[in-house]
Structure formats: C-alpha cells, structure tokens
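For the single chain, residues carry numbers from 1 onward in sequence order. Atoms considered below: every heavy atom in the structure, side chains included; atoms not considered: hydrogens, waters and symmetry mates.
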Amino acid sequence: MSSANVKSKFKATWRQNKVSLIRSRILPILLGVMLLTSLLPASAFRAAGHFQAQDVQTTWSTPENISRSGAASQPRIFSGPNEALQVFWIDRFDGLVSSVFDGQSWSQPVITPLLNGPAQMPVILYDRSGWLHAFWQAPPSPNSPYNALYHAKMLFGDSFWTTPELLAEDALAYSISAPVSGGLRLAYVRRINTLVSPSGVYVKQLLTGGTGWGAAQNIYSSIYYRLLSPGNLEISITDDGGSNQTVIWNDPYLGETLVVQGSYSNQPDLVAWQEPQIFENQIGPIANLRQAAIPGQHLSIWQAANLGRCGLYQQAWNRPETEATVNPTPADTAGTTSLSPATGWSSPEQIYPNLEACPLNDVFWAEPDEGRIYWLWGEGTSSLSLSAWDVEKQQWSIPVIENFSFDNPSRTGLVVLTDLHLAFGAGRLAVAGYDSTGEIWATQLEQPITEFVYAPAPAWGKSLAVLQSNQSADEFALAMDSSGRTHLVFALGNPANETLPWLGASLQYSSWDDLANTSGPSQVELTEIIRSKATEIIRQPTIFLDDKSDLIHLAWSGGEQGDILYSRSPIEKAGVASEWFP
C-alpha cells in the first residue's frame with residue numbers, strides 16, 4: 001500500500017471573478033500579498049482565477065438557504081432513495097426541524113420533534129433501507145449516575161419519529177455501524193453490574209426490515225467496569241455486510257486494546273462471538289481507533305498514542321481458515337490478563353505520513369459494487385477532507401480538502417460556512433453548513449464523486465504565514481533564479497513606532513526551493529539584512545538576480561530624504577546578513 005501526501009484543492013467560489021489588466025508595476029505587490037497572507041482558507045481563491053481572465057468550472061451547485069429563519073444551527077444532512085436529501089437542524093425556538101429535497105426543490109421547514117428528546121442535536125444515522133435513526137443519552141431516572149441510551153426512527157422524508165425506546169440502561173461509551181447490507185449494529189459499555197447482566201461490553205443489532213432490536217449479547221464482562229468514568233474509554237463496531245462483525249475497544253484496567261470477532265450462523269439474528277483477544281501491534285498504545293469494512297475487506301485505522309505528532313496506522317484483517325468460533329464464558333474471561341493475541345491481522349502500516357493534523361469527527365461510507373470505501377473527516381468544522389480506499393489497488397487516494405464560501409444572494413456580504421456535514425448516496429455528495437447569521441445552506445456536487453476524489457493536484461501550493469499577527473509589512477519584491485529557487489525581500493515595519501512604522505523599518509529576506517522540496521516549505525525563515533535608523537525610512541524595495549555573476553542586487557528608497565540606496569550579495573549567501581554589501 002503506497003502512502004499518500006495531502007493535497008489541498010482550492011475551492012471555487014460561486015461568483016464569477018473577471019480579472020482585468022494587471023499592470024506590471026503592481027504585480028510583484030500582489031504576488032507578495034498572496035505569499036504573506038496568513039493561512040487564507042482555500043475558499044478564498046479560484047484555481048488560478050485571480051490572475052487569468054477565464055471561467056473555472058463550478059463543481060458544486062449554487063448553495064440554497066433552506067432554513068430561512070436566522071435561528072438555525074447544528075445541521076445534519078442525509079441522502080436517501082431516488083436522489084432525495086433530508087437536512088435536520090436545531091431551531092432556537094422550535095427545536096428539531098427538517099427540510100426535504102425531492103430532486104427538484106427543498107420543502108418548507110417542518111418541526112420534527114422527538115418525544116422527551118435532547119435539547120441538542122441527537123446522533124442521526126441512515127440505515128440504507130429507508131429509515132433514519134436518532135440516538136441520544138439521558139439519565140434513566142433523576143440523580144442517576146448512569147447514561148441511558150434511547151432510540152427513535154423515522155421513514156426517510158417523513159417528519160414524525162416513533163416513540164422513543166430504551167436501548168440500554170447505561171451506555172458509558174457506544175458505537176453504531178450501518179453495514180451495506182442494511183440495518184444497524186450497536187456496541188456499548190455497561191457499568192451496571194447484576195447477576196443477569198454483568199458490567200462489560202454488549203452488542204445489539206437491528207436487522208434490515210426488522211421492527212425491533214434483538215436481545216443484547218454480553219461479549220466481555222469485567223467487574224472493574226463499574227468504576228469507569230466518561231472520557232477514558234473508546235469502542236468501535238463494524239459489520240462487513242457479509243458474515244462478520246468486529247468490536248474493538250481499549251480497556252483502561254488491563255492497559256490493552258481488546259478485540260472480539262463474531263460471525264453469523266444460519267439465522268442472521270444470531271451471532272457467534274469468539275473469545276476476547278488482545279489487539280496487539282508493534283507500535284504502541286492505540287488512540288482514536290476506527291473501523292471500515294465491506295465484504296472481503298476489513299480495515300482497522302488508529303493513531304499511535306505515544307507519538308507527539310499524527311501517526312496514523314492501518315491494519316487489514318483476513319479470517320484464518322483454521323480459526324474456531326467459540327462463545328466466550330464471561331466468568332472465565334472477566335478482568336483477566338491471560339488473553340491471547342488476536343490473529344489474522346496484518347502488520348501496522350503507516351498511512352498519510354504528511355498530515356498536519358490527525359483526522360477527527362470522521363465517517364466511512366462503503367460502495368461495495370465499486371470496490372471503494374470513502375473516508376470523510378472534519379465534520380463539524382469549516383473544512384472537510386475526503387479520501388477513497390481502492391480495494392483492487394489497496395491504497396488510499398490523496399485527501400481532497402474542501403471549504404465553502406460564496407456571495408450572499410439576498411444581502412451584501414460573503415457567506416462562510418462552518419459546522420459542515422456531508423451526505424453520501426448513489427455516487428454523489430451533498431453538503432450542509434451553518435453561517436454566522438443563523439442560516440443553514442445546502443449544496444450538491446455536480447460531478448461524479450470519483451472525478452472529485454481523484455482530481456489532479458492544484459497548481460498552487462498551500463499558503464504560509466510569514467509574519468506574526470502583530471507585525472506589519474508592505475512593499476514586496478519577488479524573483480526566481482534559474483534553479484527554481486524563490487527569493488523574497490520586503491519591508492518590515494518598526495513595532496516601536498506605532499504611528500509611523502516605516503521610520504526605523506527593516507528589510508527582510510527569505511528564500512525557498514519548491515523544486516527540491518515538492519511538498520513545499522513547512523515554514524519561511526527570515527533574515528534581517530538592512531536595519532534603518534529611527535529617523536530613516538525603508539520603502540519600495542526591488543531585486544534583480546544575475547545568474548551569470550551569482551549575485552542578487554537590491555535597491556530601495558531610504559534614508560531621511562528618500563534617497564535611492566543599493567546593496568548586493570552572493571545569491572547562495574543572501575540568507576546571511578553579513579554577506580550583504582554596505
């Protein structure tokens with residue numbers, strides 16, 4: 001499996017930017033501003049559109065304001081049958097509200113209340129068979145220390161939830177999987193300890209077309225789980241849509257990650273579970289574990305907890321042919337350290353080694369007919385990342401990073417969407433987001449998802465912050481030598497003179513080589529090459545590179561009278577202040 005670097009796909013805004021004549025004397029300043037802008041979001045640019053009078057193909061439909069209330073937040077979007085979409089959000093006055101897209105237009109918002117539901121947005125999932133499911137937690141009784149888990153469902157496109165049902169008296173941590181075969185799978189950690197239902201890990205399933213959840217199965221028990229508190233335990237369940245389920249969680253008392261695997265018998269509502277095993281690896285403790293699966297492909301992805309950076313690793317599992325399936329006896333396995341290592345998992349392999357931050361708030365969407373698993377992360381933020389796993393090639397695509405901003409069609413100003421959420425369905429994508437005025441917007445991808453995910457890398461590299469937020473700069477000069485190395489000189493204001501920062505300003509120099517470092521510079525290192533006196537100015541620097549003599553020439557307006565001043569330095573030593581001619 002090949003590792004992938006991250007590419008940032010510059011977001012095409014919806015307004016058509018036409019750039020008229022740019023005079024040659026201000027082009028260096030514009031280029032300098034582009035380099036020195038501190039980490040502008042990708043949505044601020046069209047792909048090369050700021051410097052070319054050309055239209056760029058729009059890949060997303062014109063966003064629509066579907067809330068139209070000024071009191072909306074927390075959007076969630078889902079893709080259902082017949083290209084329908086449904087968006088839920090919380091209205092400050094009306095509670096849970098939704099709108100449906102029928103393939104042509106969005107319906108008027110309708111209140112969709114949950115009986116005794118939460119004040120905030122519940123967890124909502126689509127089970128691929130026409131049902132939406134809501135999950136939330138609440139104390140089972142006043143002053144109870146436990147977190148009961150409740151569930152209600154609704155036909156896609158409807159506005160009425162079923163009467164909530166209690167799924168678990170206590171679910172300290174829980175995970176829900178929606179396999180490609182339909183239905184739902186639930187795994188949760190129970191702290192309440194009784195003779196009939198000891199504290200430990202439980203699973204339940206809702207079969208496709210089923211009217212109710214099956215009985216809870218205890219796959220691991222430990223009396224120590226009575227002492228667990230929120231925040232120190234993670235759990236993950238997946239179903240490959242074929243005949244296998246897998247539950248993985250970290251046990252804080254054993255200091256191990258445990259795994260239990262199960263397979264269907266002749267009756268789909270009965271799962272035969274193996275004994276718990278230690279999910280070993282050669283890297284170290286595991287954090288932020290997640291799973292993704294389709295028939296014939298099961299991946300476990302996790303973060304190395306003992307690394308100070310983002311260390312993402314992946315393991316694939318293939319069921320050993322000689323593996324026996326045995327139902328565990330909780331009394332024999334509870335709280336013991338004699339668990340055997342799990343078998344059938346590949347060695348950990350690092351993926352995405354150049355990610356600046358590890359994925360958070362992520363979901364997987366499988367398309368078994370296409371042999372792909374899509375991985376989305378960044379939900380709830382202003383930037384979404386999307387990658388695809390190709391089963392045949394056994395590799396992830398380079399993540400595409402997407403932001404959303406556009407001109408407000410009903411008022412003056414720019415709309416920047418945050419709290420983004422994405423819906424998959426029928427080979428297409430749809431996004432819902434929240435703006436700062438309390439509105440929910442939705443847009444759809446207008447090209448096949450494969451063209452979007454496997455789009456070529458952008459022509460422009462990522463933006464870099466050159467200065468701190470309290471520093472001021474202007475008057476830039478840029479040049480590139482014959483080897484492809486970029487040279488930048490600019491005037492940096494004097495922070496001690498807030499009224500006239502150009503009195504006592506300095507000239508700063510930096511250079512970098514994108515051809516030698518294809519991933520781009522991680523930071524820009526500055527060198528102060530000229531410092532003016534408190535009564536002198538530094539303005540309008542310009543540079544010229546003479547490759548034949550290996551010199552960089554610098555001229556600027558300076559001194560107390562705005563004289564034309566000059567200096568030079570060997571190109572290779574320009575980053576050393578003492579190498580510049582007085």
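A donor-acceptor distance shorter than 3.5 angstrom exists from the side chain of Q86 to the backbone of G157, with no hydrogens or angles considered. Looking only at distances, a side-chain donor or acceptor of N218 sits under 3.5 Å from a matching main-chain atom of V201. With hydrogens and angles disregarded, a donor-acceptor distance shorter than 3.5 Å links the side chain of Q315 to the backbone of S346. Counting only distance, with no hydrogens or angles, the side chain of S397 and the backbone of S387 share no donor-acceptor pair below 3.5 Å.
Considering only heavy atoms from C-beta on, V391 stays 4.5 Å or farther from E370 through its side chain. Using a 4.5 Å heavy-atom cutoff, the side chains of W136 and M121 are not in contact. Proximity of E256 to W249: side-chain heavy atoms (C-beta onward) are nowhere separated by under 4.5 Å. Here the side chains of L167 and Y174 are not in contact, with every heavy-atom distance at 4.5 Å or above. With contacts defined as side-chain heavy-atom distances shorter than 4.5 Å, the pair Q314/E349 does not qualify. By the 4.5 Å heavy-atom criterion applied to side chains, T238 and H298 are counted as neighbours.
The side chain to side chain donor-acceptor pair (under 3.5 Å) test applied to S129 returns D127, not counting sequence neighbours. Looking at residues two or more places apart in sequence or on another chain, you find no side chain to side chain donor-acceptor pair (under 3.5 Å) involving S181.
Aromatic ring orientation, F404 versus W60: perpendicular (interplanar angle above 60°, classes split at 30° and 60°). Ring geometry for W365 against F424 counts as parallel: the plane angle stays under 30°, on a 0 to 90° scale with 60° as the upper cut. Note on ring orientation: taking the six-membered ring where Trp is involved, the planes of F135 and H151 are tilted (angle from 30° to 60°). Using bins of under 30°, 30° to 60° and over 60° for the plane-to-plane angle, the ring pair F279/W345 lands in the perpendicular bin.
If you look at F364 and Y374, their ring centroids are not closer than 6.0 Å. Between F78 and Y126, the ring centre distance reaches or exceeds 6.0 Å. The six-membered or imidazole ring of W89 lies away from that of H421, with a centre-to-centre distance of 6.0 Å or more. Taking the six-membered ring wherever Trp is involved, the centroid distance between the rings of F156 and W131 does not fall below 6.0 Å. W375 has its ring centre less than 6.0 Å from the ring centre of W396.
No hydrogens or angles considered: nothing links the side chains of Q261 and Q245 as a donor-acceptor pair under 3.5 Å. Of the N and O atoms on the side chains of S236 and S175, not one donor lies less than 3.5 Å from an acceptor on the other residue.
D481 contributes atom CG, which lies 3.5 Å from atom NE2 of H487 (distance to the nearest 0.5 angstrom). Distance CD1/I398 to CG/L386: 13.0 Å, rounded to 0.5 Å. For the atom pair S177 OG and L184 CG, the distance stands at 8.0 Å (nearest 0.5 Å).
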Show me the donor-acceptor pairs, under 3.5 Å and distance only, between side chains in residues 427-435 and residues at least two apart or in other chains.
from : atom 1 : to   : atom 2 : distance (Å)
R428 : NH1    : Q444 : OE1    : 2.9
R428 : NH2    : E83  : O      : 2.8
D435 : OD1    : T437 : N      : 2.9
D435 : OD1    : T437 : OG1    : 2.9
D435 : OD1    : G438 : N      : 3.2
D435 : OD1    : E439 : N      : 3.0
D435 : OD2    : T437 : OG1    : 3.1
D435 : OD2    : W441 : NE1    : 2.8

